[in-house]
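Residue numbers start from 1 in every chain, and the chains themselves are labelled A, B, ... in the order their sequence lines are given, proteins ahead of strands.
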Amino acid sequence: MKWRRIKAIVVKESLQIVRDPRSLMIVLLIPLLQMFMLGYGVNLDVQHIPLCVHDREGSQASQGLLHQFAASPYFSLQAPMGSDAEIRKSLDSGRCNLAIVIPAGFSKGLADNGGGSVQALLDATDSNTANIAANYARSVVAAYSAGVQMEFIRNRGGTVQTLTPVDMQARVWFNEDLVSRNFIVPGIVALVMAIVGAQLTSLTIAREWERGTMELLISTPVQPMELMIGKLLPYFLVGMVDASICLALAVFWFEVPFRGTLTALFLTTGLFLTVVLCIGYYVSVAIRSQVGASQVALLLTMLPTTLLSGFTFPIDQMPPAVQAVTYIVSARYYVTIIKALFLKGSAWTALLAPILCLALYALVMVFFASRAFRKTLD
Amino acid sequence: MSACAAVAIEVDGLEKRFGALTAVAGLSFSVRPGEIFGLVGPDGAGKTTAMRMLASVMRPDAGRIVIDGIDVLASPEQAKSHISYMPQRFGLYEDLTVDENIRFYADLFDVPARVWQARAEKLLAAADMTPFRRRLAGQLSGGMKQKLGLACSLVHTPKVLLLDEPTTGVDPLSRREFWQILYSLRSEGVAMLISTAYLDEAERCDRIAMLNAGTMMYCDTPAALKERMPGAMLEIITPDPRAAHDAVRGLPGVRGVLMVGTGIHVHVDSGERRTQIAAALTAAGIGIESLEEVAPSIEDLFLALLEQDGAGEGG
Ligand SMILES: Nc1ncnc2c1ncn2[C@@H]1O[C@H](COP(=O)(O)OP(=O)(O)OP(=O)(O)O)[C@@H](O)[C@H]1O
Ligand SMILES: [Mg+2]
């Protein structure tokens, strides 16, 4: 392998990229457009979640809490239930997604120390909706709880610290702002990068075949590995610019809180980009027409990333066979990592498994892509 | 062929099939250093396919190719650094400039900067292209594109040059410059294999091979081939070549008639037929400006040989 030949191809590809300003604009604008379209289009904010209640106490206090639920636009209160069995039946049949059970000693607890506990039962078939519903419920309870505390303090004196606020047992983590967009935008970054990355390279080999430059190229001593590296490097740069645009939009426009480290973010993004660039390159080698290669690359990246990465449909809710398939979807690892970096601010060590998987994936893809190309017209 | 001369290209029993079609069937020939070897033949004769196998961008189904002592089938990549191949279809990057294209190929062949820069300078001057070094290849004329292609394939001083119809669609001036470069390469000892659709060009080759349906029919120097043609060639200049063509066809002793611009070429079994033919034309009311026996062109030769129904001796 000769660095000089790799450099020659890098220079040639870069010149071709900058000499084609229309394509360059598209390459930089498409991720922008897709981020906006998907960021606003995929809105998982849920309203009018059917809610059942079982008020075991039937006191003024418990009715006050239920009143708050009735007033919330997120819930539509169903007829009150008389027993736990009835609650279970409505959850099973899907008549409600969320049930609130107020225990018998609720008002006594409030009167004694301004604290108490209610139980939330969630139908988690659709865990996204369930998460969101639980969060909304929590916020309603918290608002009620705050009101009770204020009153308690007014009536009895004392400080907030000594009080146990009304607590709801079901809890959802990592999205305190209750904005579903926070869940979805990091996934969209992964989706946009998968699509754009594979598109970038899907044309590169096919173009040489279509324009008739390949025959001359393969009559030179250039090695397949040199050709691949030379062709991927410039697109890696373009892809990282695209990724930065997407990530910046996520943080500054969609205001998704970012809690991880930039090093981890860019390192894993680079790994994922390598994978999708290799997918595009592989397709370009296999399919010698630009239109065909671009369509196959789109199919190969968009479908699995949308359906099997856990970005829209939670993986743990999938049938076991489908869950097994998700392990070969590279976006699965990246979505896990990027969501964790954004929302949890996870440390390196916590993400070691998906990062290693992604790195291994990138290595395997580079290996296959480098071996795919044959210097022959046959 | 003299057995003692060094051989730059040696092809033996080369064969390539595409499904049921045999594109190249048992091709054998050899080319010496400093020799221009022409491949002529009708469309689909297998010229491009043969070139591709020599350039090792296509694998033969059978046969052996040795280029500059290297077995091409065994070590194609090693052979590639000694070969330059100019495909029939323009293979350079139209969105790169003349200089950028040359530099790209110099880099791929790992030619030292000093060497390729000097060479590029010389080649572009010989091709009369020095003022266009910064022009995009896509904006060059057809002739200049081909000259650039030649320049690119020569930056690394190849020992063997494979040119697939390099002058098709090229203006006469550029074509002359192109051949000038080839002649100077001949004196440097480069072996050249050139396929051409222009038969006048074939006559400039040291030897030519005639290909038809993948088989070599004849292989010799242009002069020797012409001598082999039986009978004589009459050139008749007439105001109405088409009528003359129809009138002469089928006369006794006439083996073939070919329209050539201002007249016709008539292949006859003997020069004695001229009076007979002149009489027939006059009888048909066709004017004759001149009627002479001429040396056959390669085109005449080719048609004459094909008429013999491929019964000729192999190359
Ligand atoms: N890749 C291919 N697949 C199938 N058939 C092919 C292929 N390449 C060439 N052929 C066929 O092989 C035969 C020889 O083709 P080739 O291109 O070698 O002829 P040629 O002498 O170069 O013709 P031309 O003067 O048109 O360039 C033709 O019948 C052609 O259709
Ligand atoms: Mg051809």
Highest number of heavy-atom pairs under 4.5 Å with chain A among B/L96, B/D110, B/L136, B/L162 belongs to B/D110

Taking the side chain from A/R211 and the backbone from B/G91, do they hold a donor-acceptor pair closer than 3.5 Å? no

Side chains of B/D107 and A/V11: does their closest heavy-atom pair fall under 4.5 Å? no

Which heavy atom in A/L216 sits nearest to a heavy atom in B/Y85, and how many Å separate them? CD1-O, 3.0 Å

Gap between atom OG of A/S219 and atom CG of B/L108 - 0.5 Å precision: 9.5 Å

Looking only at heavy atoms, which two atoms of B/R89 and A/W209 are closest? And how far apart? NH1-O, 4.1 Å

Does B/K80 reach the side chain of A/T220, with side-chain heavy atoms less than 4.5 Å apart? no

Just so I understand: if I count every heavy-atom pair under 4.5 Å between each of A/E215, A/K375, A/R374, A/Q16 and chain B, which residue has the most? A/E215

Side chain, backbone, both or neither: which part of A/E208 has a non-hydrogen atom closer than 4.5 Å to chain B? side chain

Could you tell me which non-hydrogen atom of A/P221 sits nearest to which non-hydrogen atom of B/F109, and how far apart they are? CD-CE2, 3.3 Å

Look at A/D378 together with B/K16 and state whether they make a salt bridge at an N to O cut-off of under 4.0 Å. yes

Atom group of A/K2 that falls short of 4.5 Å from chain B, counting heavy atoms: side chain

So A/L377 and B/R52, side-chain contact (heavy atoms from CB on, under 4.5 Å) or not? Walk me through it. CA-CA 9 Å; A/L377 295 171; B/R52 284 176 167 165; 3.2 Å; yes

Go through the atoms of B/S56 and report whether side chain, backbone, both or neither lie under 4.5 Å from a heavy atom of chain A. backbone

Is the shortest distance from a Lys or Arg side-chain nitrogen in B/E100 or A/R19 to a carboxylate oxygen in the other one below 4.0 Å? yes

Identify which part of A/I9 has an atom lying under 4.5 Å from any heavy atom of chain B, answering side chain, backbone, both or neither. both

